[in-house]
Each structure stands twice: as structure tokens, then as C-alpha cells.
Amino acid sequence: MKQRVSTLLREKFGREVVLEKPKDRSFGHFATPIAFSIAKELKKSPMAISEELASSFNENDVFSSVESVKGYLNFRLSENFLSDYAAWALTNPGEFGKQEKREKILLEFVSANPTGPLHIGHARGAVYGDTLLKLGRHLGYDITAEYYVNDAGNQIDLLGLSIQLEGRATLLGEAVEYPESYYRGEYLASLVNGAVEKFGKEILSDESRQKELALWAKDKVMDIIVKDLGDLNIFFDTFVYESSLYDDWERVLAKMGEGVYEKEGKTWIASEIHGDEKDRVVVREDGRPTYLAGDIVYHNQKFERSYEHYINIWGADHHGYISRVKAAVEFLGYESKKLEVLLSQMVSLLKDGEPYKMSKRAGNVILMSDIVEEIGSDALRYIFASKKCDTALEFDLAEFKKQDSSNPIFYIQYAHARIKTILSKSNFTEEEILASSLKGLDENADSLLFDALLLPEIIEDAFASRQVQKLPDYLKSLAASLHKFYYDCRIIGSNDEAKLLKLFMVVALSLKTGLSLLGIEAKEQMSKEED
RNA sequence: GCGCUCGUAGCUCAGUUGGAUAGAGCAUUGGUUUGCGGUACCAAAGGUCACAGGUUCGACUCCUGUCGGGCGCACCA
């Protein structure tokens with residue numbers, strides 16, 4: 001819709017035109033301050049220019065009026081244009097807001113270590129990434145969702161040790177000393193049981209079998225993670241295992257050529273010349289590659305799979321890591337600007353007004369799965385999708401548990417359910433409703449129709465700017481418009497019943513499509529709570 | 001100390017590539033159709049957009065500085 005208008009104006013004026021939605025609908029559907037920007041070069045006042053431009057528009061299919069107000073140029077879309085568009089959307093509901101962008105994108109997100117279940121902090125990046133994925137796919141991008149599994153290094157050894165200690169303490173009744181870094185949590189108990197079943201009790205006391213135990217356990221933990229993500233309606237196309245990458249290290253090292261050098265018996269990457277604070281070690285003195293080495297091989301592999309664009313969603317605590325990975329990408333001979341790293345900020349928790357520190361190793365984490373069980377996937381997804389991801393988020397644990405109207409997801413769901421209810425109450429059939437005309441709507445109805453048809457622009461904007469929260473914001477305001485309209489205007493029994501129901505169907509389509517892009521199913525009816 | 005990032009209503013957050021009177025929800029207060037689900041709607045109150053400069057016809061938005069919060073500054077992952 002906006003695209004259509006902006007193309008039209010570009011042709012007419014021979015330049016890009018800034019289009020915005022006026023805050024006050026009485027100003028029209030779209031507006032542009034173009035007169036201000038060209039006032040200087042034309043040496044005329046903005047008022048005069050906009051007057052002139054406004055009168056230069058003739059009768060036209062798209063606009064019913066073009067007005068000049070205080071230097072702004074305000075456009076009102078014609079009934080024909082709006083009603084045709086709405087009718088098209090209703091007969092092609094699956095196509096509403098779709099585009100065919102086609103670009104191949106690799107989207108890496110979550111990538112939490114397989115040493116324990118996902119906690120509530122992981123949920124934010126997971127929801128953000130998955131929402132971006134759904135938006136992008138709707139726009140026709142060919143996106144692969146990938147999870148990088150850090151199944152190598154000390155942390156995996158530590159997982160093996162942790163299971164042994166847990167087992168020896170709880171199952172064998174030994175008194176054990178827990179090191180500072182030891183992992184804790186309920187999941188360890190189930191891993192102990194699983195391990196004993198598979199390997200027998202001996203494995204708990206045999207230090208030489210720690211590695212074997214760890215390798216088995218990390219796969220079990222991944223199973224838990226995948227299941228928890230599935231409960232949030234999040235699914236990955238591919239998993240890449242860090243442990244599988246090191247075989248390729250020598251080749252990748254050679255590929256970086258001048259970018260790496262030997263010093264003090266170690267191998268370094270000259271990342272400083274690409275903007276890093278200093279050069280970094282990639283192979284230690286004892287010959288073991290560092291974690292960065294794994295990431296370098298991984299990114300080389302990504303680029304060898306040749307996508308047009310790469311998006312990584314990392315926790316904000318990794319931001320210092322961006323420049324060294326980009327440096328490596330450059331040394332490998334690829335364009336680092338194709339790699340876009342988005343940071344998902346920390347989620348800090350408050351409990352009874354006091355900061356609540358989670359630590360995986362202290363065992364006091366708030367598990368994502370517990371929250372999903374308590375408030376449901378829809379509410380959790382909405383909460384995280386509706387916050388800009390680059391601000392640190394702070395909330396009280398109690399807020400999470402509230403399942404009332406303070407969570408706008410119920411408000412939006414109710415709007416959708418309301419439409420479905422009223423449609424089922426009407427005596428008109430769906431055919432009759434679809435056959436009716438959307439012309440001759442009053443100002444409020446016209447405004448609601450326009451709002452509902454705005455979804456495609458919101459989707460495109462939300463994805464392009466990576467500002468996923470624009471979609472939930474839009475849905476909330478569309479729901480508010482619907483509720484208000486419903487309150488002000490009696491539908492059933494009115495002369496315009498079929499016409500208004502058709503309008504409502506457009507709103508429902510917009511709500512449903514928008515919700516599905518948030519990974520949330522639109523409800524046909526709300527369950528009544530008696531209390 | 002250095003780097004990144006954030007600072008908008010009592011709280012949680014929006015604010016369209018710089019544009020018209022800075023907006024929602026929650027919380028508070030007061031209202032609402034002898035009508036389609038009141039899980040709704042309306043209204044009041046609440047702001048020096050952290051502070052100070054600068055650029056511009058125009059700044060919450062861009063630039064500089066100050067203050068404050070978060071994160072990072074490993075041969076750990």
C-alpha cells in the first residue's frame with residue numbers, strides 16, 4: 001500500500017519522497033513534508049510549494065484527495081483503492097503481506113552451551129531470533145535457522161565431572177567436595193539416572209571415563225534444549241557442532257595467510273589491523289586451539305556455504321567478540337560487512353524488589369521451561385518480542401506470573417475472538433459478507449480498515465530495521481481500534497451489517513497473520529475464567 | 001582507565017530514515033449503553049525526553065562534552 005503510494009510519488013516528483021503516517025487521521029492516510037526539504041533549492045516558502053503540489057494532482061485512482069496543510073502534503077486514499085486491496089487480501093489470506101525477497105540468509109541464534117537447560121535469559125534471544133526468522137520468511141527471504149553447539153572445551157569436561165559428583169553424593173552416599181565451577185540443578189539428577197542406566201554405577205567413580213560420560217551427557221542436554229525450544233514454537237534447520245570443526249583447522253589456518261603469525265610459541269591472529277583492540281591467540285603453546293579458533297572455522301564454513309547475508313544473534317556479553325570474528329572473516333577473504341551481529345541485551349531479574357542473580361553454576365537459575373509451563377508460550381513470546389532488544393530489560397519475577405490484562409497478548413487475543421464470535425452470531429453467510437461492498441464506510445470504519453491494511457508495511461519495516469517490537473505494538477493498537485469501534489457501533493442488526501462484518505474480517509485477518517508471525521496462534525474464543 | 005550500549009510519566013516500555021500538540025499499558029482517581037462476551041470503553045492526573053552546548057526552517061531522534069546504569073576488556077567458553 002505504502003509502496004504503491006511512494007512509487008507513484010517518486011515517478012511524479014522524480015525523487016525519493018519521505019512518507020509518514022500522520023498521528024492525527026484527520027490529516028489523511030499518508031503525509032509528506034517534502035515541501036520543507038525542497039524549499040531552499042526552489043527559494044520559495046514551503047507553504048507555497050505544497051499548495052502548488054497539491055493542486056497539481058488530478059483525479060486519480062489511488063487518491064481521493066491531496067491537500068496542503070501548513071506546508072505538509074496530505075494524501076487520502078480512495079475508496080476504490082482501499083476496498084479493492086481489502087477484497088484481494090480476504091480472497092488470498094495466505095498472501096497478505098507476503099513478498100518475494102529471495103535473498104539467502106543464514107540466521108544463527110540461541111547457540112547456548114549444552115551444559116544445562118535454557119534459562120529465562122536465553123529465552124529473549126530465542127524469541128527475538130525466531131520472530132525475525134518468521135518475519136523474514138514471510139517476506140520471501142530464504143533463511144536457514146542455525147544453532148551452533150559449543151560441545152568442546154573445558155565446560156564439557158566440567159559437565160562430566162559434575163554428573164560424577166552429583167551421582168557420588170546422591171546415589172553412592174559419598175561425601176564429596178564441590179569445586180566452585182561445578183554445575184548444579186535438577187537436570188543433573190536425571191542425567192545421573194540416565195547414565196547409570198546406560199553405563200552402570202561404575203562410571204560415576206571412574207575418573208578415566210569422565211570424557212565418555214560428558215560426550216553422552218551433552219547430547220542428552222541438547223535433547224532437552226531442543227524440546228524446550230519446541231515448546232516455544234521454535235525450530236532449527238541445522239545444528240553445527242563445534243567438536244566437528246577442528247579437523248578443518250589446518251586448512252582454515254592456511255587460508256588466512258598473512259592474517260596469522262607465530263610468536264612466543266603460539267599462533268596469533270592479527271585482528272588489531274581490522275579494528276580489534278589487540279591481536280588474539282588462536283593456538284596455545286601446547287598446541288590446543290582456543291575457542292576463537294573454533295569460531296573462525298565455523299565462520300569460514302558459513303561463508304563457504306555461500307549465503308548472501310549472515311545474521312548472528314549473540315548475548316550482549318559477547319559484544320567485544322564481534323571485531324575479532326569480523327577480522328578473521330576478512331583474512332579468510334570474505335566481506336565482513338555481510339556478517340551482521342545483533343546483540344540481545346541482558347535480562348536482569350528482580351525478586352521482591354531485590355536484584356536476583358542467576359548463575360548456572362550456582363544452580364539457582366529460572367528455567368525457561370518453568371516459565372513456559374506457568375504462563376504459556378504465547379505470553380512469554382509476546383513479552384520478549386514486544387521489547388526492543390537493545391535495551392537491558394528488568395522485571396520482577398512476579399510480573400511473569402500475572403496472566404491478566406497487564407499482558408497485552410490477552411487483549412489482542414480477545415479482539416480476535418470477539419470478531420469470530422460476532423461472525424458466528426450473524427445470520428449472514430460468509431459468501432454474503434464477502435460479496436458485500438466496503439465502500440461508503442464512515443470515517444471511523446474507514447480508519448479501522450486502513451489500520452488493518454497496514455500490516456504488510458509493519459512486517460517489512462520490522463524486519464528491515466530488525467526492530468521486531470514494531471509488530472506487537474501495531475497489533476496492540478489495532479486491537480484497541482477494534483475494541484473501540486465495537487463499543488461505539490452496533491454491528492448485528494444494523495443496515496450495514498454485512499459491510500461491517502467484512503471490515504471485521506479484514507481486521508481478523510491482520511491480527512491472525514500478525515500473531516502467527518510472532519509464533520502465536522490466534523484464538524477463536526477466550527476461555528472464561530470464573531473467579 | 002579503555003571500548004560498546006542505554007538514560008522518555010510513579011513502574012514497564014513505544015516514539016516511524018530529523019517533521020504537525022512526546023504516546024501506550026500497569027498502578028491511582030472518577031465515570032459508561034436498560035445492545036452484539038464489561039477479559040471492553042471513556043475521562044482525569046502524571047513529562048525540564050539525564051544535564052549542557054552545537055548543527056537545522058525544524059532535534060526525543062544527528063554531533064561534542066558531562067553525569068548515571070548495564071555489559072565487555074582471557075591463551076574460559
Side-chain angles (χ1 to χ4, degrees), chain A residues 2 16 18-24 27 31-37 39-40 45-46 69-72 74 113 115 150-156 158 181 242 264-268 276-278 280-286 288-295 315-323 343 345-346 348 383 386-388 390-396 399 402-408 410-411 413-415 417-418 421-426 457-458 461 464-465 467 469-470 472-474 476-477 479-480 482-494 497 525-529:
Chain A
K2 183 174 176 179
E16 267 318 309
V18 175
L19 263 192
E20 56 198 36
K21 284 167 277 178
K23 281 170 193 140
D24 188 338
F27 286 134
T32 175
I34 187 173
F36 293 98
S37 38
K40 206 169 239 177
S45 83
V69 180
K70 285 163 45 184
Y72 288 86
N74 296 335
N113 295 342
T115 52
N150 294 124
D151 61 341
N154 293 342
Q155 50 176 352
I156 295 299
L158 197 56
S181 51
E242 183 187 358
E264 299 162 2
K266 305 163 217 172
T267 307
W268 300 70
D276 197 4
E277 287 168 27
K278 55 184 174 186
R280 310 285 172 175
V281 173
V282 287
V283 182
R284 303 175 180 95
E285 229 165 333
D286 61 9
R288 284 156 47 234
T290 63
Y291 175 77
L292 178 58
D295 242 351
D317 52 343
H318 282 69
H319 70 76
Y321 209 72
I322 297 174
S323 52
L343 297 176
Q345 283 291 338
M346 302 288 111
S348 54
I383 289 170
S386 61
K387 313 289 185 202
K388 208 164 43 173
D390 55 4
T391 32
L393 188 61
E394 192 174 75
F395 49 69
D396 205 298
E399 289 287 306
K402 287 202 316 203
Q403 191 167 349
D404 56 21
S405 59
S406 66
N407 191 335
F410 296 102
Y411 183 78
Q413 293 279 29
Y414 183 46
R418 205 165 216 185
T421 306
I422 198 168
L423 281 169
S424 71
K425 282 209 169 144
S426 168
E457 279 106 89
I458 303 295
D461 184 29
S465 63
Q467 304 269 298
Q469 83 283 354
K470 290 181 181 196
D473 272 1
Y474 162 77
K476 194 169 74 179
S477 81
L482 184 277
H483 284 309
K484 179 167 170 46
F485 188 87
Y486 177 92
Y487 183 84
D488 290 340
C489 177
R490 166 95 182 163
I491 312 292
I492 298 222
S494 86
E497 182 172 332
Q525 59 181 26
M526 303 298 281
S527 55
K528 285 184 187 173
E529 281 179 35

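Every heavy atom of this structure was used, including side-chain atoms; hydrogens, water molecules and symmetry mates were not. A note on names: the letters A, B, ... follow the listed sequences, proteins ahead of strands, and every chain is numbered from 1.
A donor and an acceptor atom, one from each side chain of A:Q525 and A:T421, are nowhere located under 3.5 Å apart.
For A:D317, whose side chain is taken as the heavy atoms from C-beta onward, the closest listed nucleotide among B:rA20, B:rC76, B:rC71 is B:rC71. Comparing B:rA77, B:rG19, B:rG15 by their nearest atom to the side chain of A:K470 picks out B:rG15. Picking from B:rC71, B:rC76, B:rA14 the nucleotide with the shortest atom distance to the side chain of A:Q469 gives B:rA14. Nearest to the side-chain atoms of A:N74 among the listed nucleotides B:rA20, B:rU16, B:rA77 stands B:rA20. Distance from the side chain of A:K387 is smallest to B:rC13 among B:rC13, B:rA77, B:rC36. Side-chain proximity of A:N154 to B:rA20, B:rU16, B:rA77: nearest is B:rA77. With distances taken from any side-chain atom of A:K476 to the nucleotides B:rA24, B:rA77, B:rG38, the minimum falls on B:rA24.
Between A:D286 and A:R288, at least one side-chain nitrogen of the basic residue sits less than 4.0 Å from a carboxylate oxygen of the acidic one, meeting the salt-bridge criterion.
Taking the P atoms as reference points, B:rG54 lies 14 Å from B:rU61, given to the whole Å.
A:T32 places a side-chain N or O within 3.5 Å of a backbone atom of A:V18 that can act as its donor or acceptor partner.
Within 3.5 Å, no donor on the side chain of A:D151 pairs with an acceptor on the base of B:rA77, nor the reverse.
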Nucleotides 56-58 of chain B: which of its N/O atoms have a protein N/O under 3.5 Å away?
residue	atom	partner	partner atom	Å
B:rC57	OP1	A:K40	NZ	2.5

When you compare the protein's N or O atoms with those of nucleotides 41-44 of chain B, which come within less than 3.5 Å of each other, and at what distance?
residue	atom	partner	partner atom	Å
B:rC41	OP1	A:Y411	OH	2.4

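The phosphate of B:rG19 (OP1 or OP2) has no side-chain N or O of A:K70 nearer than 4.0 angstrom. OP1 or OP2 of B:rG38 sits under 4.0 Å from a side-chain N or O of A:R418.
The aromatic ring of A:Y72 does not sit over the base of B:rG19; the criterion of centres under 5.5 Å apart with planes under 30° is not met.
Counting any heavy atom pair closer than 4.0 Å across all strands shown, A:L19 reaches a base atom. Using a 4.0 Å heavy-atom cutoff across all strands shown, A:T421 reaches at least one base atom of the nucleic acid.
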